[in-house]
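For ligands, and for the atoms within them, numbers begin at 1 and follow the listed sequence.
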Amino acid sequence: MPRTVEIRGRSAAPGLAAGPVFTIGMPAGGATRDPAGLTGDDLSAAIAAAAAELAMLAERVEGEGADILSFQVALLEDSALTDPARERIAAGEDAVSAWRATLDGEIDGYRNSDNDYFRARAGDLADLRDRVLGHLLGVPAAAVPAGAVLVGEDITPSRFLAMDWTKGGGIALSAGSPTSHVAILARSRGVPMLIGLGPLDAAGHRTAIVDGEAARLILSPDAAAWAALEAGRAARDERAREESEVLHRPALTADGVPVGVFINVADPDELAGIDPATCDGIGLVRTEFFFHGRGGSPSEEEQLAAYRRIVAWAAGRPVTFRTLDAGGDKPIAGLTIEGESNPFLGTRGIRLSLARPDVFRLQLRALARVAAEGNVKVMLPMVTIPEEIDAAAALLDEALAELGREGVPARRPSLGIMVEVPAVAVEPELFARAAFFSIGSNDLTQYVTAAARDISAVAPLCDPAHPAVIGLIRRVARTGAEIGRDVSLCGDMGGDPAHIPALVRAGLRSVSVAPPFVGRTKLAIAAARTA
Ligand code: PEP
Ligand code: MG
């Protein structure tokens with residue numbers, strides 16, 4: 001039995017898993033065909049086979065998973081990706097090295113990008129490289145045991161989606177990124193995932209524990225590690241039991257003051273399995289997801305279909321859609337401006353929407369249409385001056401007038417703003433023309449502390465508990481009460497029980513949190529006092 005090895009990394013998805021170790025990556029051997037004789041036609045056949053395989057997988061999965069796979073199929077069908085390989089073959093190279101060199105070059109470009117989003121997409125391309133190579137060389141796909149801990153450099157979305165995670169299992173990566181597609185999928189499916197574990201040699205280890213809470217991988221766990229896993233599971237079950245007691249009840253502070261608890265969603269699929277009665281509604285729909293993989297411009301009908309599913313789920317509860325907040329840490333190919341020296345201070349959020357009225361108009365039309373079907377509100381991200389609200393309101397009115405002329409049912413949703421730029425939080429009364437305020441503590445904190453939310457070296461400074469941030473939240477809550485505007489908070493601090501006492505004392509009476517955090521937020525509110 002090998003010695004127990006503990007490796008620390010970063011958690012990209014919480015939870016605990018234990019199971020047999022399965023090393024991911026292209027199997028070195030097992031090729032049934034000789035690379036020397038493979039031609040351009042063989043490459044075309046392998047690309048077609050890989051595309052067909054991904055398209056079939058896309059039919060079995062839903063939502064963001066299907067989008068990722070369709071995006072990969074589109075890449076394989078794009079001659080801009082495949083032509084350079086064909087040119088190398090025409091110049092005399094064999095198909096395997098031509099394809100590998102072409103894709104490796106692309107992957108390097110993505111990996112070396114300054115941009116988190118593009119770095120995260122490198123895994124999608126590596127998947128395409130390996131799938132096509134597998135078909136070219138006739139390598140049989142290895143079977144992954146149920147409940148396995150997948151260990152490797154990075155994992156591809158298609159491999160993630162092909163696994164049956166209902167049997168348990170986890171992911172441990174030497175590289176990886178918290179913003180990769182796989183990390184987003186792992187969080188929404190409850191699969192524990194570790195990244196950044198560094199050089200990882202799992203050879204000889206048969207079992208592993210992925211501890212997504214303490215961000216550590218334990219290879220060949222000893223008796224103490226198994227006991228710690230059991231204790232961790234027991235603590236998690238106990239927390240779940242306590243949360244289930246409050247989950248269906250409205251949240252009240254210890255001194256009896258009601259606090260609304262809403263949820264944040266980025267995709268209608270996230271709502272599957274969530275009982276709407278556990279929350280007061282949806283406080284933030286991040287609409288960015290619909291714009292990825294569609295050249296940055298989904299059609300009005302595509303948007304409407306997705307928005308409708310969310311409103312139908314809420315069954316009359318309020319749903320606050322945020323208009324597109326692309327840019328900053330959320331670039332969208334084909335839409336956001338490339339090469340800005342500081343994208344967080346650049347053309348993002350409402351600034352981009354106003355710069356692209358063609359794209360904004362379609363979103364406003366879809367939102368005005370869905371507003372006719374439920375309790376819909378709309379909010380604008382990154383507002384900095386009151387005139388941005390006027391400009392957006394004018395475009396919304398135009399969209400409504402157009403829909404009216406076309407005889408399409410629509411309604412004017414109330415138009416509020418995110419409070420995430422210090423200029424708004426310092427003087428909120430100047431923004432009284434907004435129908436409501438929702439504090440974006442993630443961005444507000446990074447702008448107040450001048451410490452980027454995505455640079456780990458300055459993470460201790462980017463602290464929402466900084467008295468300056470809490471002071472601004474108090475100011476916004478007080479102003480909202482004085483001028484009669486609802487104030488909520490939809491940044492991540494709302495879902496962290498450690499921050500709830502300060503938020504409640506600051507006068508906040510509504511928070512919007514990630515769906516898995518509703519129970520713990522309600523428990524924390526029940527223990528907090530308003531004064
Ligand atoms: C925020 O900034 O707190 C927020 C909720 O928006 P996002 O995290 O999407 O920027
Ligand atoms: Mg924000």
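- Ligand-side atoms of ligand 1 in range of Met418: 4 (C), 5 (C), 6 (O), range being under 4.0 angstrom from any heavy atom.
- The closest protein non-hydrogen atom to atom 3 (O) of ligand 1 is Asn442 N, 2.7 Å.
- Here the Mg ion (ligand 2) has protein N, O or S atoms under 2.8 Å from it, and they come to 2.
- Using a distance-only test at 3.5 Å, with no hydrogens or angles considered, no donor-acceptor pair links the side chain of Arg485 to the main chain of Ala481.
- A side-chain donor from one of Thr287 and Gln363 sits under 3.5 Å from a side-chain acceptor of the other.
- Ligand 1 is never approached by Glu288 to a heavy-atom distance shorter than 4.0 Å.
- Checked for salt-bridge contact, Arg317 and Asp280 miss the test: no charged N lies under 4.0 Å from a carboxylate O.
- Near Gly440, with a cut-off below 4.0 Å to any heavy atom, the atoms of ligand 1 are 1 (C), 2 (O), 3 (O).
- Between the side chains of Asp127 and Gln72, a donor-acceptor pair is found at a separation under 3.5 Å.
- For the residue pair Glu302 and Tyr307, no side-chain donor N or O sits within less than 3.5 Å of a side-chain acceptor on the partner.
- Under a cutoff of 6.0 Å and an axis angle of 45°, Lys377 and Phe436 form a cation-pi pair.
- The Asp325 neighbourhood of ligand 1 comprises atoms 10 (O), with distances under 4.0 Å to a heavy atom of that residue.
- Residue contact check: Arg453 has heavy atoms under 4.0 Å from atoms 2 (O), 7 (P), 8 (O), 10 (O) of ligand 1.
- Atoms of ligand 1 found under 4.0 Å from any heavy atom of Cys490 (numbered from 1 in listed order, with element): 5 (C).
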Checklist entry - Given Phe437 and Phe431, is the ring-ring contact (aromatic ring centres under 6.0 Å, His included) satisfied, shown in steps? => result CA-CA 9 Å; Phe437 297 141; Phe431 296 81; 7.6 Å; no
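- Checked against a 3.5 angstrom limit, the closest N/O atoms of Arg322 and ligand 1 fall inside it.
- Glu427 is linked by a salt bridge (charged side-chain N to carboxylate O under 4.0 Å, His left out) to Arg475, counting only residues two or more places apart in sequence or in another chain.
- Between Arg365 and Glu398 no salt bridge is recorded (no basic side-chain N to carboxylate O distance below 4.0 Å).
- For the pair Arg286 and Asp325, the salt-bridge criterion is not met [side-chain N within less than 4.0 Å of a carboxylate O].
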